[in-house]
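See below for the structure under consideration.
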Amino acid sequence: MSSPPGQAPDVLATENQHLRDRIRQLETELSSARAGMAEIESALRTAQSTLARRTAEFETLFRSIPVGVGLSWDPSCRDIRINPAFATMLGIDDAENASKSRQDGDALPFRVLKEGQEVAAEDLPMQVAARTGSDVRGFFYELVRHDGVMLTEYGHATPLFDENGTVSGSIGVFLDFTELRHAQRELERANEELRRSNADLNHFAYGSTHDLREPLRAIRIYSQLLARNAQIQADTELLECVNTIGDSATRMDRLLRDLMDYIQVATRQNKCIEEVDLNHVVSGVLSTLEYSITEANAQISCPQLPTISGYPTHFTHLFQNLIGNALKYRNPNRATQVRIAVTESEREWTFSVADNGIGIEPAYTGRIFDLFQRLHGREIPGSGVGLAICQRVVQRYGGRIWVESTAGTGSTFYFTIPA
Ligand code: ADP
């Protein structure tokens with residue numbers, strides 16, 4: 001075979017070979033590009049079907065959720081799409097553009113009020129969220145529908161952003177709060193009534209208890225006179241009877257005084273809350289109990305105590321009852337020891353009054369804080385009111401009171417006062 005003029009035959013063959021190689025390479029690239037296209041098409045189909053599913057899900061949720069929803073893809077919120085729940089609240093059709101900012105917004109058959117004043121369209125929550133790009137949370141409005149029904153609506157509005165981060169509308173969620181608002185007002189009214197009737201009751205109970213003490217005074221005085229006569233006449237039988245009457249009257253008087261304290265703890269005080277130095281309170285209590293402390297030959301230890309906001313009488317009741325009981329329910333076979341302690345945590349103070357007295361059976365440790373609950377007979381005097389007073393005081397401050405005890409070994413009473 002002869003070569004074209006001017007070209008060497010092997011140069012041509014090499015060029016041909018290059019061309020064939022290039023065509024093969026192009027064919028390979030084309031087939032891998034086709035495979036890539038098919039992959040992209042399949043991914044696109046998956047994305048389209050996911051989008052269709054999500055849209056259907058959103059649409060179902062939007063239409064069926066029993067919460068009012070408004071949606072606007074317009075930064076001025078001139079066009080607001082609403083779901084059926086919101087349409088029912090507004091008293092319009094859900095196909096209607098519910099925006100008060102639309103050109104004929106005034107023609108919409110509902111009014112939006114805040115504390116009785118009509119709210120301007122641009123101040124409505126969805127409009128504000130779209131204008132400012134910030135959430136409008138926890139708003140309350142009154143809605144007056146065309147049929148005259150008035151509703152309380154509560155909700156949140158949130159701005160919507162496009163892919164460039166620009167505000168392009170807003171979404172609002174609205175709840176019909178009418179029933180709840182009514183119920184809340186009713187509850188407040190009932191609470192106020194209860195407070196008033198409780199105060200009346202306390203007042204009545206305090207007055208009656210006070211009046212009941214008056215005839216007891218006469219009984220005690222006359223029984224003392226009679227006892228003196230019986231002594232003169234050496235009438236031991238009469239003396240015993242008269243002393244029993246006198247003792248009963250004294251016990252009854254003690255009970256009534258404790259009851260008056262109990263009632264007073266629950267009564268609202270006209271005095272202002274003050275800073276109470278508990279070191280003063282405890283030293284006052286210890287001097288009141290001086291006789292019992294000496295009689296019991298008791299050792300009492302008390303650390304530095306804090307100053308707390310409250311009523312001084314409340315803390316006097318608390319410490320006097322707890323320390324008084326520690327002395328009263330002592331074990332006569334050993335030296336009485338009473339230890340007061342306090343710990344502080346972030347939320348509360350925890351106080352304790354520990355004794356080495358006769359202790360309490362575990363079965364009774366819950367009951368003793370109830371009114372008139374006593375575990376002992378007349379051999380140890382008492383009215384069963386002291387711990388009920390302590391419980392009432394502690395509860396008034398939002399604290400707790402409890403006892404840990406081992407019968408025969410001693411008891412520790414704890415109470416907390418929120419910091
Ligand atoms: P009172 O002492 O007037 O009976 P309280 O309400 O103070 O009434 O106490 C109720 C009961 O709890 C007491 O009757 C007693 O049985 C028991 N109690 C209270 N404190 C102690 C204590 N420190 N040790 C043992 N028992 C106690």
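Side chains are part of it too, since the values below use all heavy atoms of this structure and drop only hydrogens, waters and symmetry mates.
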| Residue from Phe315, Tyr397, Phe319 passing ring-ring contact (aromatic ring centres under 6.0 Å, His included) with Phe415 | Phe319
| Under the salt bridge (Lys or Arg N to Asp or Glu O under 4.0 Å) criterion, do Arg189 and Glu192 qualify, and how do the steps go? | CA-CA 5 Å; Arg189 204 189 50 72; Glu192 188 43 45; over 6 Å; no
| said: Please determine whether salt bridge (Lys or Arg N to Asp or Glu O under 4.0 Å) holds for the pair Asp94 and Arg63, giving the CA-CA distance in whole Å, both sets of side-chain angles, and the decisive distance to 0.1 Å. | reply: CA-CA 9 Å; Asp94 62 19; Arg63 299 203 65 76; 2.8 Å; yes
Would you say the side-chain atoms of [X] pair up with the backbone N or O of [Y], donor to acceptor, closer than 3.5 Å?
| X | Y | result |
| --- | --- | --- |
| Asp258 | Val385 | no |
| Ser72 | Gly169 | no |
| Arg334 | Asn356 | yes |
| Asn164 | Thr166 | no |
| Ser170 | Met126 | yes |

| Asp370 vs Arg367, salt bridge (Lys or Arg N to Asp or Glu O under 4.0 Å): CA-CA, chis, key distance, verdict | CA-CA 6 Å; Asp370 293 342; Arg367 222 176 68 183; over 6 Å; no
| Cation-pi, Phe139 ring and Lys114 (6.0 angstrom, 45 degrees) | no
| Within 45° of the ring axis of Tyr311 and under 6.0 Å from its six-membered ring centre, is that where the NZ or CZ of Arg396 lies? |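 Geometry flag: not set, cation outside 6.0 Å or 45°.
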| field | Verdict with supporting geometry, Glu122 and Arg131, salt bridge (Lys or Arg N to Asp or Glu O under 4.0 Å) | value | CA-CA 9 Å; Glu122 67 267 23; Arg131 190 171 63 247; over 6 Å; no
| remark: Value for CG (Leu318) from CZ (Arg392), rounded to nearest 0.5 Å, stands at 13.5 Å
| said: A side-chain contact here means heavy atoms from C-beta on lying under 4.5 Å apart; do Leu113 and Val119 qualify? | reply: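 They are not in side-chain contact.
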| field | Residue pair Asp135 / Pro159, side-chain heavy-atom distance below 4.5 Å | value | yes
| field | Heavy-atom closest contact (Leu256 atom, Thr209 atom, distance) | value |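 Closest heavy-atom pair between Leu256 and Thr209: O-CG2, 3.3 Å.
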| field | Val342 to Leu305 - nearest heavy-atom pair and separation | value |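 Distance-wise, the nearest heavy atoms are CG1-CD2, 3.9 Å.
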| For the ring pair Phe174 and Tyr154, is the centre-to-centre distance below 6.0 Å? | no
| task | Would you kindly say whether Arg45 and Gln48 are connected by a side-chain donor-acceptor distance under 3.5 Å? | result | no
